[in-house]
Number of protein chains: 4
Amino acid sequence: MPSPTFLALPADRRDRLVREAITEFSERPYAEASLSQIAQRAQIAKGSIYQYFDDKLDLYRWLLTDEAPRHKRAFLGTPDPAGDFWAGFETMIERGMAFLVEHPRLARLTAAAADPSATPDVRGLHKAICEAGIDELRAQLARGVATGAIAHPDLDLDIATRLVAAIIGPGLTDVVLQELGASLHEVLASDTLRKRLGPARRRRLAHQAVLLIQGGLGAARRPLRRKART
Amino acid sequence: MPSPTFLALPADRRDRLVREAITEFSERPYAEASLSQIAQRAQIAKGSIYQYFDDKLDLYRWLLTDEAPRHKRAFLGTPDPAGDFWAGFETMIERGMAFLVEHPRLARLTAAAADPSATPDVRGLHKAICEAGIDELRAQLARGVATGAIAHPDLDLDIATRLVAAIIGPGLTDVVLQELGASLHEVLASDTLRKRLGPARRRRLAHQAVLLIQGGLGAARRPLRRKART
Amino acid sequence: MPSPTFLALPADRRDRLVREAITEFSERPYAEASLSQIAQRAQIAKGSIYQYFDDKLDLYRWLLTDEAPRHKRAFLGTPDPAGDFWAGFETMIERGMAFLVEHPRLARLTAAAADPSATPDVRGLHKAICEAGIDELRAQLARGVATGAIAHPDLDLDIATRLVAAIIGPGLTDVVLQELGASLHEVLASDTLRKRLGPARRRRLAHQAVLLIQGGLGAARRPLRRKART
Amino acid sequence: MPSPTFLALPADRRDRLVREAITEFSERPYAEASLSQIAQRAQIAKGSIYQYFDDKLDLYRWLLTDEAPRHKRAFLGTPDPAGDFWAGFETMIERGMAFLVEHPRLARLTAAAADPSATPDVRGLHKAICEAGIDELRAQLARGVATGAIAHPDLDLDIATRLVAAIIGPGLTDVVLQELGASLHEVLASDTLRKRLGPARRRRLAHQAVLLIQGGLGAARRPLRRKART
DNA sequence: TATGAATGAGTTTTCATTCAT
DNA sequence: AATGAATGAAAACTCATTCAT
């Protein structure tokens with residue numbers, strides 16, 4: 001948790017630090033990320049960072065649990081709980097891919113949370129983040145069940161949630177990267193790649209994902225409008 | 001590639017080294033794993049490791065591309081290509097979970113290949129492994145399509161393969177760990193946990209996964225009854 | 001190039017480091033000189049050296065191209081270009097020997113630049129230094145030619161410069177050491193030896209050198225009388 | 001000193017070891033030369049080297065004090081003590097340059113003996129070699145004095161010997177390398193360079209050197225026939 | 001006698017963290 | 001509050017030398 005000093009920092013100074021920290025942590029594994037680099041690039045004394053955060057992990061934690069989620073939420077917007085469940089689901093997936101494309105560094109930071117290696121401290125952190133995501137997804141699926149959009153006789157909600165999370169998490173990320181013909185690192189380096197995964201393409205991918213999930217979750221097969229069958 | 005010297009090592013010495021190396025690399029991300037630690041715990045001179053392997057990466061690569069796959073293949077056995085597609089698929093998944101439970105350190109090592117952080121050299125290594133796995137799965141699914149077991153009108157085999165891989169990879173791992181009520185690291189520490197995910201439970205989980213996948217891939221819905229309900 | 005940090009160091013600390021570095025590099029060939037030793041003897045943390053210099057070579061380069069020449073220039077003073085050529089030449093040689101006797105460690109450092117072994121990086125460094133010395137000497141001899149002090153019918157200035165450089169460089173150093181009845185290393189160890197090569201003796205040696213050079217370069221033979229024969 | 005075992009070795013095996021040892025020691029400074037490299041390239045077990053020589057230094061010493069001088073002597077032939085002194089001197093110098101050009105690795109090994117850095121053990125070795133060379137040259141110059149070929153009123157034979165040694169040692173080597181437009185290391189690498197310093201060119205350089213020395217040593221100026229003045 | 005695996009001390013280098021200014 | 005110099009533990013890696021076979 002950042003110190004009050006940090007929170008009261010002039011926006012410019014604060015932003016410089018945050019920006020460079022995100023860059024550094026998104027480009028190298030935690031162990032190899034260097035506070036010296038961050039300090040130097042942000043034009044901030046190394047000692048100052050230690051006045052804002054307890055240590056390297058504290059800074060990383062804050063980025064992962066506060067800064068990144070805040071941006072992500074702002075980007076995704078709030079889903080409309082009233083609309084059609086599957087349409088909403090598909091939109092959510094599409095927005096997720098858009099986030100990956102538009103904010104690759106933040107997305108990368110978040111993706112790192114899935115890394116099952118990592119040192120104990122970092123692992124705890126990652127686990128917390130993952131579970132939060134799972135909880136959110138479970139609630140959403142529960143809504144689907146409640147509205148009848150999901151209706152599989154044998155469904156175990158907990159298990160299904162985790163499997164679906166894998167699809168829309170690592171699964172779709174993998175697909176996107178495959179589409180880009182690049183590794184995440186190369187995406188970070190070149191902004192031009194972003195153009196290669198425009199909204200239309202993203203919608204198609206989201207649709208494929210929903211198709212798989214929908215079938216698996218026992219939804220009626222037909223309602224799949226949009227560019228699908230007609 | 002290990003030197004002939006290494007391959008000709010007395011079993012005891014060799015095993016000590018391999019064991020401790022797997023432990024180290026499965027407990028920390030590559031960047032944080034320490035050859036000194038490995039040497040010390042294996043009771044082997046640091047210099048000796050450098051007679052067996054070119055460097056840290058060479059040892060890691062060998063574990064990841066030779067040692068782990070060899071054990072995994074031996075454990076999984078060869079699937080029967082003649083039998084029912086979905087039954088075979090379900091078995092494969094069950095064996096995968098069994099491997100995770102019986103050889104958690106090796107499973108963990110393999111899982112690390114999904115780590116999207118890592119330094120360029122390591123990433124290259126990981127990517128190669130992942131793609132190999134994807135290729136294998138794609139071939140398997142293609143067989144399903146050929147036999148009619150998979151029959152979805154809109155199916156894009158490439159995309160589907162990656163999404164299915166996410167389900168049976170990170171997805172099921174996550175589920176298993178949830179079942180164990182523990183993180184992979186805790187599993188590594190305590191062998192007794194293994195008992196909590198016996199064959200029956202594993203079969204049930206595998207079934208749930210196949211359910212999701214099967215529905216998503218447009219297979220006929222009924223045949224899903226095998227060892228399930230009845 | 002040393003960092004600003006280094007240049008702003010408290011004199012005491014800075015001197016300790018410089019002194020021990022010169023000692024180390026003057027006592028062993030570059031490859032065998034150890035930063036750990038320097039740090040330990042200078043009572044400075046190993047890490048600190050890396051805040052002052054990029055690496056081992058950077059420190060060595062600075063000593064060789066900045067520190068040593070600065071001291072040498074300060075010691076030698078500026079020669080009087082107006083005076084008699086050969087008298088000036090003889091003085092220069094005498095001062096060179098005096099430097100060797102008074103600052104043996106620095107002289108030794110400079111002499112090391114003649115080492116034809118060494119690793120490519122170091123060789124490049126050495127070569128640059130040698131060529132700079134040669135250029136300076138060539139200019140000086142050219143002045144002698146211009147003033148008529150040097151007048152040999154067959155003279156090839158480039159070749160002559162290099163041969164003369166050998167005389168006043170390795171040649172005289174060798175003579176001096178012979179006089180001292182010791183190797184340079186023993187000179188380094190015992191300051192008392194310095195007394196055995198006082199100004200008078202040095203002048204005599206310088207005279208012998210000039211004698212050889214002068215004859216070889218075709219100067220008129222007579223004017224050689226100064227403090228020599230009476 | 002090599003063990004009897006070594007001396008009794010089959011020529012082939014012995015030669016392989018000697019050849020690779022010379023190569024290694026002529027390409028890197030003593031500290032960086034690697035016995036492992038030598039053993040590997042010579043196809044001889046590392047342990048065997050320790051049966052032939054006490055240690056790294058022992059091997060190096062033998063090369064420097066036995067092997068290299070033997071070859072050099074064989075190459076130079078015995079000078080004719082009866083002929084004209086200066087003509088003989090010039091021939092000696094020319095042969096020395098020829099040796100440098102024809103056997104660069106051996107020459108390089110010998111040149112290293114001039115390196116004033118080096119660790120105490122190595123230094124002692126170098127010093128002994130140098131003094132041997134000096135003694136030989138002094139004897140030769142003494143012969144010149146006896147025959148009247150050298151006749152300088154103020155001559156100090158000891159000093160003169162050392163200065164002349166500097167000319168025909170480091171001095172001429174330097175000139176030769178300058179002629180070749182290359183560093184000694186580059187000479188080692190490319191045999192084609194040898195052609196650029198053929199006998200004619202070498203004679204001219206030798207002549208220039210003798211010119212300088214002769215004048216300096218007070219010889220009569222005229223007898224310098226050959227391509228000199230006419 | 002020949003072998004080459006094993007050893008471990010020693011090297012350069014990095015970096016999170018502290019603390020005096 | 002901000003600074004950035006100082007620190008030292010730890011890492012990867014090398015290589016002369018030993019010694020059991």
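At whole-Å resolution of the value, OH in Tyr50(B) and C1' in dT11(E) are 13 Å apart. In this structure, OH of Tyr30(A) is placed 14 Å from P of dC15(E), rounded to the nearest angstrom. With rounding to whole Å, Gln40(B) atom CD is found 12 Å from dG8(E) atom P. Residue Ile49(C) contributes atom CD1, which lies 13 Å from atom P of dT14(E) at whole-angstrom precision. Spacing between atom CD1 of Ile38(C) and atom P of dT11(E) amounts to 11 Å, rounded to whole angstrom units. When the C1' atom of dG4(E) is taken as reference, atom CZ of Arg41(D) falls 19 Å away, rounded to whole Å. Rounded to a whole Å, the CG atom of Leu35(B) is 16 Å from the C1' atom of dT13(E). One interatomic measurement links the two molecules: CD of Gln37(C) to P of dG10(E), which rounds to 10 Å at whole-angstrom precision.
Put simply, Tyr52(D) has a side-chain N or O that comes within less than 4.0 Å of OP1 or OP2 on dA2(E). Between Arg28(A) and dT14(E) there is no side-chain N or O to OP1 or OP2 distance below 4.0 Å. Between Lys46(D) and dG4(E) there is no side-chain polar atom (N or O) within less than 4.0 angstrom of OP1 or OP2.
Looking at residues two or more places apart in sequence or on another chain, you find no side chain to side chain contact (heavy atoms under 4.5 Å, CB included) involving Gln51(B).
Looking only at distances, a side-chain donor or acceptor of Ser34(D) sits under 3.5 Å from a matching main-chain atom of Ser36(D).
Tyr30(B) places none of its side-chain heavy atoms less than 4.5 Å from the side chain of Leu125(B). The shortest side-chain heavy-atom distance between Gln43(B) and Glu20(B) does not fall under the 4.5 Å cut-off. Using a 4.5 Å cut-off on side-chain heavy atoms (C-beta onward), Gln37(C) and Arg28(C) make no contact. Using a 4.5 Å cut-off on side-chain heavy atoms (C-beta onward), Glu32(D) and Glu32(C) make no contact. Between Asp12(A) and Arg16(A), the closest side-chain pair of non-hydrogen atoms falls below 4.5 Å.
Contacts of Ala31(B) with the nucleic acid, taken as non-hydrogen atoms under 4.0 Å apart, are absent. At the heavy-atom level, Ala33(D) lies under 4.0 Å from the strands shown only through sugar-phosphate atoms. Among the heavy atoms of the strands lying under 4.0 Å from Ser36(C) is at least one base atom, whether or not backbone atoms are also near.
Of all nucleotides in DNA chain F having an atom under 4.0 Å from a heavy atom of chain D, the first and last in 5' to 3' order are dA16(F) to dT18(F).
For the helix from dA2(E)-dT21(F) to dT21(E)-dA2(F), the axis fitted to the five pairs at one end and the axis fitted to the five pairs at the other end meet at an angle of 10° (nearest 10 degrees).
Aromatic ring pairs are classed by plane angle as parallel below 30°, tilted from 30° to 60° and perpendicular above 60°; the pair Trp62(B) and Phe6(B) is perpendicular.
Screening Leu109(A), Thr110(A), Leu106(A) for a side-chain contact (heavy atoms from CB on, under 4.5 Å) involving Leu63(A) leaves a single residue, Leu109(A).
Between Pro10(C) and Ser48(B), the residue whose closest nucleotide on DNA chain F is further toward the 5' end is Pro10(C).
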